[in-house]
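The next block holds one structure in the form of structure tokens; read it before the comments.
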2 protein chains.
Amino acid sequence: MREPESRKTAKAVQEPNKRRKAASQEHVTRRKILDAASDLFRDKGYASTTLRQIADAAGMQAGSVYYHFESKDAIVSEILDLGITYVFDEVKRRVEKLGPGAEPKARLEVAIDGHLSGLLSHESFLSANIRNYGQLPEDLRKKNVPLRRAYVGYWDALLLEAQKAGAIRADLDLKILRLFTIGSLNWTVEWHKPDKGSIEELSMQIKSILFDGISPVG
Amino acid sequence: MREPESRKTAKAVQEPNKRRKAASQEHVTRRKILDAASDLFRDKGYASTTLRQIADAAGMQAGSVYYHFESKDAIVSEILDLGITYVFDEVKRRVEKLGPGAEPKARLEVAIDGHLSGLLSHESFLSANIRNYGQLPEDLRKKNVPLRRAYVGYWDALLLEAQKAGAIRADLDLKILRLFTIGSLNWTVEWHKPDKGSIEELSMQIKSILFDGISPVG
DNA sequence: GTCTATAGATAGATAGAC
DNA sequence: GTCTATCTATCTATAGAC
């Protein structure tokens, strides 16, 4: 997502065709590195993953990675931001698709669908994010904070309007509810197996537990 | 919990007083190392934590740690097992305290209380476990698997008897319910702040969401 | 039981050829 | 853009003094 400005502007005017092809190729290689790295960060953790392993999985030598990223930190930082963006975009897309007059409960339902879908469709990015975020050095975490804050702010607004509209019990603490909800959704990356059922089915079960509880009658 | 057998049996007969004092001191030092290590493993991750940092936080030099543990792996392995044991023991204790004739729903409720209490009372051990387990080498994970299996087996039994007794809706998939429930409880280590409310209050809110759902009336 | 000193391995990052 | 080669730092673990 972030492009290396210096290189991008270097030969911007001349040879538009060649440049476009090169930029596209660059994008492909960057993507290969990010995909390889997110798999490794998820499976072995950030610190245990070596640049040689990332390079190997991306089909190149360790030194070559530094043409595309200035450091190992820069790779994980981009993965953190991309992960939140995937989920946030999918949630917003589905909520906005409902239109401005939609019921708050319906908006909440599609937000859950969107979160789960974004999460599990880009599982390695989100799993890498969820598993590593809390253990990264503070300066790396800080760069991801604005996006995270914006995302939880969006949820807080959804939950508040739902409670005001009577779709959520008035006695529930919305902060706890948000943490509980997003947390339980995030945890699905640890156990959801795509072959054991679709994301849609999983989302239905979870919404059913969340809205109506596990007790009968309800 | 695990003691180094060789040293323990070495001078077992003579000087019972001195030996007992030495063994107790050894236990204290081991504990210091485990406490220091679990804090660091939680905050920085297993791979990023160095033996020098563990030793420093435990008030000794790096080389001295090897008198108590044969490797860094042995430290994390003991932390993994201890974490599950704390939670499992607390859950069993509370369930068994209810007696054999207790209602399945009541047993489930105290199991949730026990899990949360064991989890948050030994937060650094459980957080270290939850955060690092999935990224550890397979041989380390494998040693922790029997305890984990026993624990989820206990939960599966609790949930099954509750569903059979009509305390859980018949349409819910118990495997998903168990993963969802334990997952949402485990995630509390990421956000629960002891100063913002007691574990008991938190457990009440979570049980309320889980049993009755967030929708009103129910 | 704890110390100091260090062996041996491997990491992230850089330099310069092509 | 990717390669090879390598610098410098730092890690786990061990050895032997006390």
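Basis for what follows: all heavy atoms, side chains included, without hydrogens, waters or symmetry-related copies. Treat the numbers as computed from the prediction; the structure is a model and nothing was measured. Chain naming here is simple, since letters A, B, ... match the order of the sequence lines and numbering starts at 1 in each.
For the atom pair OG (A:Ser117) and OH (A:Tyr86), the distance works out to 13.0 Å, reported to the nearest 0.5 Å. A distance of 10.5 Å separates CZ of B:Arg42 from OG1 of B:Thr49, quoted to the nearest 0.5 Å. The distance from atom CG of B:Leu172 to atom CG of B:Leu177, rounded to the nearest 0.5 Å, is 6.0 Å.
Inter-residue side-chain proximity for B:Lys143 and B:Asp81 is flagged as unmet; no heavy-atom pair is nearer than 4.5 Å. Inter-residue side-chain proximity for A:Leu119 and A:Ile130 is flagged as met; some heavy-atom pair is nearer than 4.5 Å.
If you measure from atom CG of A:Asp56 to atom P of D:dT2, you get 15 Å, rounded to the nearest angstrom. Note: CG (B:Asp73) to P (D:dT12) measures 11 Å, nearest angstrom. We find that CG of B:Leu40 is positioned 13 Å from P of D:dC11, with the value rounded to whole Å. Between the CD1 atom of A:Ile33 and the P atom of D:dT2 there is a distance of 8 Å, rounded to whole Å. Between A:Arg30 atom CZ and D:dG1 atom P there is a gap of 12 Å when expressed in whole angstrom units. The distance from atom CD of A:Glu26 to atom C1' of D:dG1 is 9 Å, rounded to the nearest whole Å. Distance A:Gln25 CD to D:dG1 P: 7 Å, rounded to the nearest Å. Distance B:Phe69 CZ to C:dG1 P: 14 Å, rounded to the nearest Å.
Ranking C:dA13, D:dT2, C:dT2 by closeness to the A:Met60 side chain, first place goes to D:dT2. If you check C:dT2, C:dG1, D:dT4 against the side chain of A:Gln61, the one that comes closest is D:dT4. Here the nucleotide nearest the side chain of B:Tyr66, chosen from D:dT12, C:dG12, D:dT2, is D:dT12. Listed candidates were C:dC3, D:dG1, D:dT12. Nearest to the side chain of B:Ser64 is C:dC3. The side chain of A:His68 has D:dG1 as its nearest neighbour among C:dT2, C:dG12, D:dG1.
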Residues B:Lys175, B:Arg178; criterion side chain to side chain contact (heavy atoms under 4.5 Å, CB included); working and verdict: CA-CA 5 Å; B:Lys175 176 108 186 273; B:Arg178 188 249 292 160; 4.1 Å; yes

Derivation of the ring pair (Phe, Tyr, Trp, His ring centres under 6.0 Å) call for A:Tyr151 and A:His115: CA-CA 11 Å; A:Tyr151 185 55; A:His115 186 97; 5.7 Å; yes

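Near-neighbour residues of DNA chain D inside residues 44-53 of chain B, defined by a heavy atom below 4.0 Å, number-ordered: B:Thr49, B:Thr50, B:Leu51, B:Arg52.
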